[in-house]
2 protein chains.
Amino acid sequence: MKNWTNDDVETFANLARALGHPARVQILRELILRGECIGGDIADTLPLAASTVSQHLKVLRNAGWIQGRTDGPRRCYCINASSIATFNKLVGEVDARPDRKS
Amino acid sequence: MKNWTNDDVETFANLARALGHPARVQILRELILRGECIGGDIADTLPLAASTVSQHLKVLRNAGWIQGRTDGPRRCYCINASSIATFNKLVGEVDARPDRKS
DNA sequence: TTCGTATATCGTCGAAATACGAATTTCAGC
DNA sequence: GCTGAAATTCGTATTTCGACGATATACGAA
């Protein structure tokens, strides 16, 4: 595991916190499954009010997990691939081989 | 990406939420760096009161990230490798290849 | 047993998260 | 311009989090 800067730690914690709610995990999964873009049908897949879903989308957006672009009166979201890459990379560095020496 | 059960989603969100704080990321990193066991020197590496660190350790313990065993008057913590494995596995399934088709 | 160290738990507080409905914004179409 | 659909923001209530100091617990050593 490489040395992490304080920024690395912050970045990782922020990305992780954004995933720390089942609804947001679902949203992210839904976006990955459906592809690059989705309107508020996401809300239909969740037992939550539209305004609540909108807030969860905002959290994911602020954390950098997703991006949204305007598409007429609706909004089209897609995964931000680089966030996933960053996250996977950091997680990979938290690999715990039981036989590692330090 | 495989289908996830609701339990998968919950499990993932719980593990992620436990990582959603810089102090806990640091603790986990410290445990990985130092090896299997560490007393409350962890607290010395953080700018937090001992009781606060203890609470963070509890969160990590409840989430399954770490285990502690009693060692005289102190306590020895170590990473729970299976949690990391689970987390890495789930994260791996959230892989977003930009050229995936659905 | 008594003392000191190491941890954990308790009680409290302000801050942040979560959820909802209502109000507002945005934009296509008439 | 006005209307309706989609989405966000606002206001509010409730819950959970994060931090601390004080207290309690566990245990080795004196």
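Just the heavy atoms: all of them, side chains too, but no hydrogens, waters or symmetry mates, feed the values below. From a predicted model like this one, the values you see are computed outputs, not experimental measurements. A note on names: the letters A, B, ... follow the listed sequences, proteins ahead of strands, and every chain is numbered from 1.
Remark: A/His56 engages A/Arg24 in a side-chain hydrogen bond (donor to acceptor under 3.5 Å, both in side chains) (not counting sequence neighbours).
Spacing between atom CD1 of B/Ile66 and atom C1' of C/dA8 amounts to 13 Å, rounded to whole angstrom units. Atom CZ in A/Arg69 sits roughly 15 Å away from atom C1' in D/dA7 (whole-Å rounding). The distance from atom CZ of A/Arg74 to atom P of D/dT8 is 13 Å, rounded to the nearest whole Å. The CG atom of A/Leu57 sits 16 Å away from the P atom of D/dA6 (whole-angstrom rounding). Summarising the geometry, the separation between CD on B/Gln67 and P on C/dT7 is reported as 17 Å, rounded to the nearest angstrom. Straight-line distance from the CG atom of B/Leu60 to the C1' atom of C/dA8: 15 Å, rounded to whole Å. One atom, CG of A/Asn62, and another, P of C/dA16, lie 14 Å apart when rounded to the nearest Å. The CG atom of A/Asp71 sits 17 Å away from the C1' atom of C/dT25 (whole-angstrom rounding).
If you check C/dT2 for Watson-Crick or wobble pairing at under 3.5 angstrom, you find it paired to D/dA29.
Counting non-hydrogen atoms of other residues, nucleotides and ligands closer than 6.0 Å to CG of A/Asp41 gives a total above 12.
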Letter per nucleotide, 5' to 3', of nucleotides 9-26 of chain D [B base touched, S only sugar-phosphate touched, - untouched; heavy atoms, 4.0 Å]: B--------SBBBB----
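If you take CZ on B/Phe87 and CG on B/Leu19, they are separated by 5.0 Å, rounding to the nearest 0.5 Å. Rounded to the nearest 0.5 angstrom, A/Gln67 CD and A/Leu60 CG are separated by 12.5 Å.
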Residues A/Leu28, A/Trp65; criterion side-chain contact (heavy atoms from CB on, under 4.5 Å); working and verdict: CA-CA 8 Å; A/Leu28 215 59; A/Trp65 278 110; 3.8 Å; yes
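For A/Ser54 (side chain) and A/Ala50 (main-chain N/O), no donor-acceptor pair under 3.5 Å exists by modelled atom type.
For B/Arg75 and C/dA8, the shortest distance from a side-chain N or O to OP1 or OP2 is below 4.0 Å. Residue B/Tyr77 places at least one side-chain N or O under 4.0 Å from the OP1 or OP2 atom of C/dA8.
Inspection of the A/Thr5 and A/Asp7 side chains reveals no N or O donor paired with an N or O acceptor under 3.5 Å.
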